[in-house]
There are 2 protein chains.
Amino acid sequence: MKEGPSIAQIASLAGDPARANMLAALISGKALTASELANEAGVTLQTASSHLGKLEAGGLIAGVKQGRHRYFRLSGGDVAEMLESMMGVAARAGHLRTRTGPSDPLIRKARVCYDHLAGEMGVRLFESLTAAGNLAARDGEVRLTRRGESFTAEFGIDLAALASQRRPLCKTCLDWSMRRHHLAGSLGAALLERLYALKWAARDKHGRAVIFSRSGEAKFAKLLAR
Amino acid sequence: MKEGPSIAQIASLAGDPARANMLAALISGKALTASELANEAGVTLQTASSHLGKLEAGGLIAGVKQGRHRYFRLSGGDVAEMLESMMGVAARAGHLRTRTGPSDPLIRKARVCYDHLAGEMGVRLFESLTAAGNLAARDGEVRLTRRGESFTAEFGIDLAALASQRRPLCKTCLDWSMRRHHLAGSLGAALLERLYALKWAARDKHGRAVIFSRSGEAKFAKLLAR
DNA sequence: CGAATACTTCGATTACCATCGAAGTATGAA
DNA sequence: TTCATACTTCGATGGTAATCGAAGTATTCG
């Protein structure tokens with residue numbers, strides 16, 4: 001079977017600058033309206049509407065109506081991973097304008113990757129949890145240990161609720177900026193939500209950086225030292 | 001920093017059907033000439049030449065002259081991984097024509113992913129090596145154990161030669177068809193070369209399937225049972 | 001040295017797609 | 001019920017890029 005046509009169909013969806021801007025905006029995992037995405041893409045509503053139709057028909061995003069608003073999000077974590085891998089290639093091939101914009105160090109430090117924490121902090125979280133015996137990594141797969149169940153329960157994660165979700169609890173995700181793994185899956189998402197809830201971190205208003213407060217960062221470090 | 005433009009630049013390179021066919025042909029890790037790639041893409045030499053120029057300028061492939069021949073290969077494993085992730089998205093989104101062509105089960109069973117074994121056999125190799133204690137996976141990273149050094153030396157792998165390469169010995173790679181990991185890195189590549197050398201397996205002439213002989217498959221199973 | 005082969009470059013042609021103004025539809029608020 | 005807002009659809013326009021025939025360059029072979 002020829003794989004080229006399938007690659008071309010997916011890649012051409014992301015290959016238009018306006019659509020790519022929309023996809024990049026959606027990497028944060030947030031659902032955005034058509035108007036917001038038009039803004040992110042720098043095109044009119046009509047153009048945005050056309051592009052969103054293509055992305056939806058192509059299966060990269062999913063839309064839902066809520067009154068007169070249409071909200072869109074990435075259709076799955078695999079799309080986020082694909083976009084992350086494109087950024088990795090762009091960075092290596094000299095396309096990524098890593099020298100421009102003040103948020104780059106912020107993005108490398110902590111960012112949202114679809115629904116979980118990526119960047120240095122994300123990698124640090126994953127590696128610390130594993131080193132402490134809270135996670136066991138094996139065969140490239142990762143699972144929560146008994147110890148980890150206690151640890152995460154103490155940290156305020158409702159594991160029973162996560163277990164009922166139809167997605168892996170734990171999963172690794174390759175971090176292009178660190179070239180190491182961070183934690184994805186429903187536990188990865190829950191941990192990030194918990195950091196927000198505790199106000200140790202907040203998502204950046206305009207991008208997908210995750211901003212740790214001074215005290216939040218200290219508490220985070222302390223947590224990982226357990 | 002806006003990530004959309006970088007995504008668009010990379011994605012649009014892969015988004016043309018002719019270029020995508022060339023990239024797909026190169027996933028096998030083989031270097032191919034401009035004429036061969038023109039054939040794979042179904043375009044004339046002039047068109048192929050233009051496309052190859054773009055792919056090269058964009059950093060996805062690297063070309064080298066040898067007499068009047070120009071040979072091309074993917075510029076790195078990260079490009080292969082990106083293409084594999086696109087296929088993963090295509091498969092989930094219903095684009096991959098998995099119902100056509102007789103080689104699909106073959107491709108799922110064993111194929112080349114840039115330079116290492118992917119598919120069921122690739123996943124099986126990785127998982128067996130880890131279960132037997134030849135590889136240790138941790139934090140999503142994977143390394144060869146002492147036991148593994150003996151094992152691979154016995155199998156005819158020159159570890160000293162691999163150690164001198166400027167790339168990781170062991171690395172995991174997500175297998176889109178199995179949704180689990182297989183072994184990449186220089187060890188992954190060497191293991192596949194060894195399977196070829198022993199004639200347990202051979203690459204398919206026309207695609208990127210890896211064809212195990214009957215006896216080769218038995219020997220492979222026996223090897224993994226150690 | 002001439003012929004053959006591999007590949008590149010030039011230039012013309014064509015098709016496709018993104019764009020937005022205008023108009024229309026659906027939903028919510030006053 | 002009317003008005004405002006969010007979004008979609010229509011249709012015209014312009015720009016871009018893929019395509020290949022023709023010609024040119026580099027390399028290899030007889």
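Chain identifiers are assigned alphabetically (A, B, ...) following the order of the sequence lines, protein sequences preceding nucleic acid strands; residue numbering begins at 1 within each chain.
Of the N and O atoms on the side chains of T33(A) and R70(A), not one donor lies less than 3.5 Å from an acceptor on the other residue. With hydrogens and angles left out, the side-chain atoms of R111(B) and S28(B) include no donor and acceptor closer than 3.5 Å. A donor and an acceptor atom, one from each side chain of T47(A) and T44(A), are located under 3.5 Å apart. Side chain to side chain, Q9(B) and S6(B) fail the donor-acceptor criterion of an N or O pair below 3.5 Å.
If you check dA18(C), dA17(D), dT19(D) against the side chain of H51(B), the one that comes closest is dT19(D). Across dA18(D), dC20(C), dC7(D), the shortest atom-to-atom separation from the side chain of V43(A) is found for dC20(C).
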Could you pull out the protein-nucleic contacts involving nucleotides 9-12 of chain D (nitrogen or oxygen on both sides, under 3.5 Å)?
none

Would you tabulate the pairs of protein nitrogen or oxygen atoms and nucleotide nitrogen or oxygen atoms of nucleotides 3-5 of chain D closer than 3.5 angstrom?
{"unit_1": "dT5(D)", "atom_1": "O2", "unit_2": "R68(A)", "atom_2": "NH1", "d": "3.4"}

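With sequence neighbours excluded, no residue forms a side-chain hydrogen bond (donor to acceptor under 3.5 Å, both in side chains) with R124(A). Applying the side-chain hydrogen bond (donor to acceptor under 3.5 Å, both in side chains) test to R73(B) and every residue at least two apart in sequence or in another chain returns nothing. For R19(B), there are no salt bridge (Lys or Arg N to Asp or Glu O under 4.0 Å) partners, not counting sequence neighbours.
Here dT5(C) presents its C1' atom at 16 Å from CD of Q66(B), a figure rounded to the nearest Å. At whole-Å resolution of the value, OH in Y71(B) and P in dT27(D) are 15 Å apart. Atom CG in L52(A) sits about 16 Å away from atom C1' in dC17(C), given to the nearest Å. Rounding to whole angstrom units, CG of residue L55(B) and C1' of dA17(D) are separated by 14 Å. A straight line from CD of E56(A) to P of dT8(D) spans 9 Å, rounded to a whole angstrom. Rounded to whole angstrom, the span from the CG atom of L13(B) across to the C1' atom of dA18(D) amounts to 14 Å. Between L37(A) atom CG and dT8(D) atom C1' the separation is 15 Å, expressed in whole Å.
Within the structure, a side-chain polar atom (N or O) of R70(A) is placed less than 4.0 Å from OP1 or OP2 of dT8(D).
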Which atom pairs, donor and acceptor, lie under 3.5 Å between side-chain atoms of residues 186-193 of chain A and protein residues at least two apart or in another chain?
{"unit_1": "S186(A)", "atom_1": "OG", "unit_2": "P168(A)", "atom_2": "O", "d": "3.4"}

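Taking for each of K65(A) and K54(A) the nucleotide of DNA chain C with the nearest heavy atom, the 5'-most of the two is the partner of K54(A).
When side chains are defined from C-beta on, W200(A) counts as touching L223(A), because their heavy atoms get closer than 4.5 Å.
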